[in-house]
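Please read the structure below before turning to the comments.
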Amino acid sequence: MITLLAKRWLRAFSQRYDYDTTYMAEILEQSPAALAKFSTLNLMASHRRGIPGAPWWTARIRAALWEDCGPCVQLACNMALESGVDPGIVRAAITSELAALDEDCALALRFTECVLAHAPEADPLRDEIRRRWGEDGLISLAMTISTTRVYPTVKYILGHGRACRRVNIEQRFVTPASPVSVTLSKTAIGVVPQ
């Protein structure tokens with residue numbers, strides 16, 4: 001019964017987001033318990049408190065891009081759009097076009113890239129995040145950045161990862177800026193987005 005419900009959920013999820021859930025179906029076939037455990041990651045990945053949606057989604061998109069899995073990036077973008085994030089912000093997050101982002105989204109993008117690169121430039125950006133959104137906002141970014149990276153890794157391990165070459169945002173294809181994008185070189189120690 002649980003397996004049947006899980007298969008229905010996978011079909012519905014696949015149709016809703018135009019996302020290939022084959023890797024999850026394979027996990028389900030081999031071990032329903034493993035899929036149940038894997039699915040709990042979404043609780044952590046979706047935690048958002050104290051931070052507005054647009055910068056939170058910007059961080060999530062850049063974290064998915066960092067792992068270079070096109071379907072995961074497309075899924076993050078589709079979910080961001082569904083949650084009401086402006087398509088222009090989603091496109092700018094993909095391309096690292098800082099001038100097209102507001103201060104909050106630019107901060108989230110820079111911070112995500114610096115953290116994932118283990119760059120010391122993350123420290124002043126972290127301070128700015130705490131100032132703007134408090135500890136709740138920082139924790140929300142920690143949860144979504146770290147767990148968003150798990151999905152592409154699992155897909156690549158199971159042979160389902162595909163490089164991210166372009167992303168479809170409302171019938172317009174966008175080529176992603178590679179991580180670490182130009183933003184990291186523009187982020188000097190002690191400098192926060194204005």
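What you see is a predicted model; the values in this text were computed from it and never measured.
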Where do N78 and Q74 land on the side chain to side chain donor-acceptor pair (under 3.5 Å) test, with the steps shown first? CA-CA 6 Å; N78 291 349; Q74 185 68 64; 2.9 Å; yes
With side chain to side chain contact (heavy atoms under 4.5 Å, CB included) as the criterion, how do E29 and K7 come out once you've worked through the C-alpha distance, each side chain's angles and the decisive distance to 0.1 Å? CA-CA 10 Å; E29 275 303 309; K7 285 180 179 179; 3.3 Å; yes
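Look at R62 and E113 and you find a salt bridge, because one of the NZ, NE, NH1 or NH2 atoms lies within 4.0 Å of a carboxylate O, short of that distance. Salt-bridge formation is detected for the pair R132/E103: a Lys NZ or Arg NE/NH1/NH2 atom is positioned less than 4.0 Å from an Asp or Glu carboxylate oxygen.
Side chains of D20 and P71 form no contact here, defined as non-hydrogen atoms less than 4.5 Å apart. Between W57 and C105, the closest side-chain pair of non-hydrogen atoms is not below 4.5 Å. Using a 4.5 Å heavy-atom threshold, the side chains of L28 and W9 count as separate. Side-chain contact between I169 and C77 is present, with at least one heavy-atom pair separated by less than 4.5 Å.
Taking CG of L65 as the reference point, atom OG1 of T148 lies at 11.0 Å (rounded to 0.5 Å). With rounding to the nearest 0.5 Å, the separation of CZ in F111 from CD in E128 is 11.5 Å. We find the CZ-CG distance between R126 and L141 to be 11.0 Å, quoted to the nearest 0.5 Å. If you take CD1 on I145 and OG1 on T112, they are separated by 3.5 Å, rounding to the nearest 0.5 Å. Considering CZ of R110 and OG of S96, their distance stands at 10.5 Å, rounded to 0.5 Å. Taking CZ of R60 as the reference point, atom OG of S46 lies at 6.5 Å (rounded to 0.5 Å).
Transitive grouping of hydrophobic side chains (ILVMFWY, heavy atoms separated by less than 4.5 Å) brings V115 and L138 into a common cluster. Note on L158 and Y151: same hydrophobic cluster, where clusters join Ile, Leu, Val, Met, Phe, Trp and Tyr whose side-chain heavy atoms are under 4.5 Å apart, directly or indirectly. Under a hydrophobic-cluster definition in which Ile, Leu, Val, Met, Phe, Trp and Tyr are linked whenever side-chain heavy atoms come within less than 4.5 Å, directly or via other members, M143 and L109 are assigned to different clusters. The hydrophobic cluster containing L75 also contains W56, counting ILVMFWY residues as joined when their side-chain heavy atoms lie under 4.5 angstrom apart, directly or transitively. In terms of hydrophobic clustering, with Ile, Leu, Val, Met, Phe, Trp and Tyr side chains grouped at heavy-atom distances under 4.5 Å, F13 and L81 are assigned to a common cluster.
Nearest heavy-atom pair across A63 and R149 is O-CG, 4.0 Å. Taking both residues in full, the closest heavy atoms of A142 and S146 are given as O-OG, 2.7 Å, listed atom of the first, atom of the second, then distance. Considering every non-hydrogen atom in both S83 and A80, the closest pair reads OG-O, 2.8 Å. Nearest heavy atoms, G137 versus I51: CA-CB, 4.1 Å. Shortest non-hydrogen contact noted between V85 and A54 is CG2-CA, 4.2 Å. The nearest pair of heavy atoms linking T3 to P32 is OG1-CG, 3.9 Å.
Under 3.5 Å, the side chains of Y156 and E67 contain no donor-acceptor pair of N or O atoms.
Remark: side-chain polar atoms of D68 are paired, donor with acceptor, to backbone N or O of C164 under 3.5 angstrom. In terms of modelled atom types and a separation under 3.5 Å, the side chain of T95 and the main chain of P176 share no donor-acceptor contact. Between the S14 side chain and the Y19 main chain, a donor and an acceptor come within less than 3.5 Å of each other.
Legend: residues meeting side chain to side chain contact (heavy atoms under 4.5 Å, CB included) with K37, ordered by chain and number and at least two apart, are absent.
Counting non-hydrogen atoms of neighbouring residues, nucleotides and ligands closer than 6.0 angstrom, the CG atom of D136 exceeds 12 such neighbours. The local environment of CD in E26 is crowded, with over 12 non-hydrogen atoms from other residues, nucleotides or ligands closer than 6.0 Å. In the displayed structure, Q30 atom CD is contacted under 6.0 Å by at most 12 heavy atoms of other residues, nucleotides or ligands. For R91, the CZ atom counts as densely surrounded, since its 6.0 Å shell holds more than 12 non-hydrogen atoms of other residues, nucleotides or ligands.
Ring geometry for Y23 against H160 counts as tilted: the plane angle lies between 30° and 60°, on a 0 to 90° scale.
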